[in-house]
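Every heavy atom of this structure was used, including side-chain atoms; hydrogens, water molecules and symmetry mates were not. To find a chain, count down the sequence lines: A is the first, B the second, and so on, and within it residues start at 1. Note that the coordinates shown come from a computational prediction; the quantities given were computed from them, not determined experimentally.
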Protein chains: 2
Amino acid sequence: MPTNRSYRDSCGIARALDVVGERWALLVVRELLLAPQRFSELRHALPHVSSNLLADRLRELEHRGVVHRGEAYELTDWGRKLEPIVRALGDWGIDAPQPPEPTALSATSVLIFLEGAARPDPAAPPTTYRLELDGRVWTVHLASGRAEVRPGEPPTADVSLRTDPKTLSALLSDPATLDTARTDGSVAVVGDVSAISHLLHAVTDPWPAGDQLNMSQ
Amino acid sequence: MPTNRSYRDSCGIARALDVVGERWALLVVRELLLAPQRFSELRHALPHVSSNLLADRLRELEHRGVVHRGEAYELTDWGRKLEPIVRALGDWGIDAPQPPEPTALSATSVLIFLEGAARPDPAAPPTTYRLELDGRVWTVHLASGRAEVRPGEPPTADVSLRTDPKTLSALLSDPATLDTARTDGSVAVVGDVSAISHLLHAVTDPWPAGDQLNMSQ
DNA sequence: CAGGATCCTTAGCGATACTG
DNA sequence: CAGTATCGCTAAGGATCCTG
């Protein structure tokens, strides 16, 4: 049974929270930022939400015009406008304490982090990665000083790698672990390995001074 | 008894929501964006939150480093970084349906809206307003194409007005009601009345094309 | 097996009354 | 003024069961 409480406050902030302020709602939006997802994919991405509650939230978000339900769940145009806000909230949350274990980490989370944190050399030639996480394929494209993540197979790729979100996250915070991750099988690489190092260091290495991506689209 | 649940998700977005995602938390932050507030002021601004819950939220926000508690409650430096996010959320929420009556509207809400929506003529001379809402005094300054709201008495003002948030909100959506509001006593004006019309129309009148304020500070 | 629905328990919420 | 205390209610959390 979907919830229907309201802050009963005319302010835009309160009205926004009437729509996406219920528990788990913004995490559902997060999961849909990069690609539509099916119910079971959302369940896998958010393992700590119970199935009935997830179903309730999706119904609410659909009813309120944030999410559209077709074959999979996807953001409406209005829902998509939450993207810069949710990303900014994520940047802010980086400084929050780590949550208690056991901890979840979805593919979308890591990829959003990657997009926001990567600062590839603008002078370097564009590079395309095929990235398989939890069985789903993504295309990562490095070009003109930014990283772009899209769902699905790339037309062509410099290198392909298969891993899981936690391992990828660990690599993004310490590229030096790539070798051991490859030998223990948690990362499988096909193609130009040096390109991966390039990607990881685009996230790790300190940014040039004054290079702050702002929140405006 | 403050709540302590967590999404148990390493993603920055989830960790942000662990801090400010509980019910009422972001509305407390909203109330502190323009000025520190005392407990009773917060209660007046958020009439639909119960006192025990407000006390719980304030304790949590203090414990998590968002709010500092002195004579009044105020945002920490980290908490203040939520400002562009909360404002952007408010812009997004403008398109959400109106909540069911009866509806609250705090002074801070209206003033934040005013700051975000006002586009005074950049060529016009700077104007200062003394604004008294719910017994608290604010300074509104129009200059260089922007409106700025600050707590407290202005050193000098072109005009002073006393009213309540709902009346001010009504004026901001329809400046033509100023005359009737003055005669029925819901607005009291001292000084240059035409300056008020100037302020109201800075909000109402259509913006010049391409004049979008973005979210970056 | 995906995509939920149902049931039950717990904890956060909401309202009112009360206190230092 | 600035919160506590109490209590009924409702949403959240967890497990299990159903249906195409």
Under 3.5 Å, which donor-acceptor pairs link side chains of residues 181-191 of chain A to any protein atom two or more places apart or in another chain?
| residue | atom | partner | partner atom | Å |
| --- | --- | --- | --- | --- |
| Thr183(A) | OG1 | Asp179(A) | O | 3.4 |
| Thr183(A) | OG1 | Thr180(A) | O | 2.8 |
| Asp184(A) | OD1 | Ser186(A) | N | 2.9 |
| Asp184(A) | OD1 | Ser186(A) | OG | 2.8 |
| Ser186(A) | OG | Ala181(A) | O | 3.2 |

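In this structure, the side chain of Thr128(B) does not engage the main chain of His141(B) through any donor-acceptor pair within 3.5 Å. Side chain of Asp18(B) to main chain of Tyr7(B): a donor-acceptor pair is present (N/O by atom type, distance under 3.5 Å, no hydrogens or angles). The main-chain N or O of Asp158(A) is never found under 3.5 Å from a side-chain atom of Asp192(A) such that the two would form a donor-acceptor pair. Judged by distance alone, with hydrogens and angles left aside, the side-chain atoms of Arg130(A) form no donor-acceptor pair with the main-chain N or O of Pro154(A) at under 3.5 Å. When atom types are taken as modelled, the side chain of Thr167(B) and the backbone of Thr163(B) share no donor-acceptor pair closer than 3.5 angstrom.
The salt bridge (Lys or Arg N to Asp or Glu O under 4.0 Å) check on Glu62(A) picks up nothing, with sequence neighbours excluded. Under the salt bridge (Lys or Arg N to Asp or Glu O under 4.0 Å) criterion, Arg23(B) pairs with Glu22(A), not counting sequence neighbours.
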Please encode protein proximity along nucleotides 10-20 of chain C as a string of B, S and -, counting only heavy-atom distances under 4.0 Å.
--SSBBBB---
Salt bridge (charged side-chain N to carboxylate O under 4.0 Å, His left out) assessment of Arg38(B) paired with Glu41(B)
CA-CA 5 Å; Arg38(B) 309 185 62 119; Glu41(B) 296 178 297; 5.5 Å; no
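Remark: C1' of dG3(C) and CD of Glu62(A) are 14 Å apart, rounded to the nearest angstrom.
The end-to-end axis angle of the helix from dC1(C)-dG20(D) to dG20(C)-dC1(D), rounded to 10 degrees and based on five pairs per end, is 30°.
Proximity of Arg38(A) to the phosphate of dG3(C): a side-chain N or O atom is located under 4.0 Å from OP1 or OP2.
Within the 4.5 Å cutoff, side-chain heavy atoms of Arg57(A) are placed close to those of Thr3(A).
Read 5' to 3', the first and last nucleotides of DNA chain D with an atom closer than 4.0 Å to a heavy atom of chain A are dA11(D) to dG14(D).
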